[in-house]
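Remarks on the structure that follows.
When reading the values below, keep in mind they use all heavy atoms of this one structure, side chains included, and skip hydrogens, waters and symmetry mates.
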Amino acid sequence: MDNFNEIISSDSLVLVDFFATWCGPCKMMHPVLEQLKEKMGDRIRILKIDVDHNENLCLQYSVLSVPTLILFRKGEMLWKQTGAMSLASLMQVIESHE
């Protein structure tokens with residue numbers, strides 16, 4: 001993704017979802033991320049990165065399993081977790097970084 005660094009360098013929070021189309025837990029996260037965006041609106045940007053098409057980014061951020069979620073602001077990694085999680089847990093993490 002050509003503009004990845006530009007996007008994560010934003011002043012607002014950016015949640016990056018490293019996923020794979022063949023990954024069951026990744027599919028479970030899709031509706032959670034949609035609900036998150038619905039609840040938080042412009043307070044957060046969600047960026048989905050397909051690991052099968054973005055190997056360099058996976059290496060750069062040590063993404064070894066999917067889904068891996070990374071929260072950025074101003075290019076700084078604020079939080080990282082691997083595995084599916086609930087909407088409530090994800091919102092709690094994000095709100096702690098607002």
Side-chain angles (χ1 to χ4, degrees):
M1 168 167 278
D2 294 338
N3 58 348
F4 181 82
N5 288 329
E6 180 182 322
I7 293 169
I8 67 167
S9 295
S10 163
D11 286 340
S12 60
L13 290 171
V14 179
L15 180 65
V16 181
D17 172 27
F18 286 89
F19 77 100
T21 55
W22 44 263
C23 164
C26 298
K27 292 175 185 174
M28 289 171 32
M29 283 304 299
H30 183 76
V32 171
L33 294 174
E34 286 184 338
Q35 292 169 21
L36 177 71
K37 183 61 179 170
E38 187 177 301
K39 286 186 178 287
M40 299 200 75
D42 292 339
R43 292 169 32 210
I44 192 162
R45 179 166 182 183
I46 299 172
L47 183 62
K48 296 182 71 63
I49 301 291
D50 187 332
V51 297
D52 292 326
H53 300 290
N54 294 281
E55 291 179 26
N56 288 340
L57 285 176
C58 293
L59 290 171
Q60 183 176 350
Y61 292 100
S62 302
V63 174
L64 304 174
S65 301
V66 286
T68 293
L69 300 170
I70 304 178
L71 187 64
F72 291 94
R73 180 189 287 125
K74 297 182 181 177
E76 179 185 349
M77 185 187 316
L78 304 174
W79 171 85
K80 177 180 176 181
Q81 179 171 314
T82 298
M85 55 191 307
S86 69
L87 176 62
S89 298
L90 189 52
M91 286 199 62
Q92 186 175 24
V93 166
I94 291 167
E95 288 171 351
S96 74
H97 289 94
E98 280 192 297

* Side-chain heavy-atom pair D50, F19 within 4.5 angstrom cut-off -> yes
* To do: Output the distance between atom SG (C58) and atom NE2 (H53), rounded to the nearest 0.5 Å.
  => 11.0 Å
* To do: Using a cut-off of 6.0 Å, state whether more than 12 heavy atoms not belonging to E55 lie near its atom CD.
  => no
* To do: Check whether any side-chain heavy atom of L33 sits under 4.5 Å from a side-chain heavy atom of L15, and report yes or no.
  => yes
* Asked: Are I7 and I70 connected, step by step, through hydrophobic side chains (Ile, Leu, Val, Met, Phe, Trp, Tyr) whose heavy atoms are closer than 4.5 Å?
  -> yes
* **Flag, side chain of H30 to backbone of C26, donor-acceptor distance under 3.5 Å** => no
* To do: Return the minimal non-hydrogen interatomic distance between K48 and D17, and the atom names on each side.
  => NZ-OD2, 2.6 Å
* Report yes if some heavy atom in the side chain of L57 is under 4.5 Å from a heavy atom in the side chain of V63; otherwise report no. => no
* To do: With the side chain counted from C-beta on, respond yes when L13 and L78 share a heavy-atom pair under 4.5 Å apart, and no when they do not.
  => yes
* **Shortest non-hydrogen contact between K39 and L87, atoms and distance** => CE-CD2, 3.6 Å
* To do: Specify the closest pair of heavy atoms between P67 and A84, including all atoms of both residues, with the distance to one decimal.
  => CG-N, 3.8 Å
* If you measure from CG on L59 to CG on N54, what distance do you get to the nearest 0.5 Å? -> 11.0 Å
* **Same apolar cluster: V14 and L69, side chain cutoff 4.5 Å** => no
* To do: Report yes if the side chains of I94 and R43 come closer than 4.5 Å at any heavy-atom pair, otherwise no.
  => no
* hydrophobic_cluster_shared for M29 and M91, side chain cutoff 4.5 Å -> yes
* Asked: Is it the case that more than 12 heavy atoms not belonging to R73 sit under 6.0 Å from its CZ atom?
  -> yes
* Asked: Short question: side chain of K80, backbone of S62 - any donor-acceptor pair under 3.5 Å?
  -> yes
* Asked: Can you name the closest pair of heavy atoms from T82 and S65 and give their distance?
  -> CG2-CB, 3.4 Å
* **Hphob cluster co-occupancy, M77 + I49, side-chain heavy atoms under 4.5 angstrom** => yes
* With hydrophobic residues grouped by side-chain heavy-atom distances under 4.5 Å, do F4 and L71 end up in a single group? -> no
* Angle class for the F18/Y61 ring planes (parallel below 30°, perpendicular above 60°, tilted otherwise)? -> tilted
* **Atom CD of Q92 with >12 non-hydrogen neighbours under 6.0 angstrom** => no
* Would you mind reporting whether S12 and D42 have side-chain heavy atoms less than 4.5 Å apart? => no
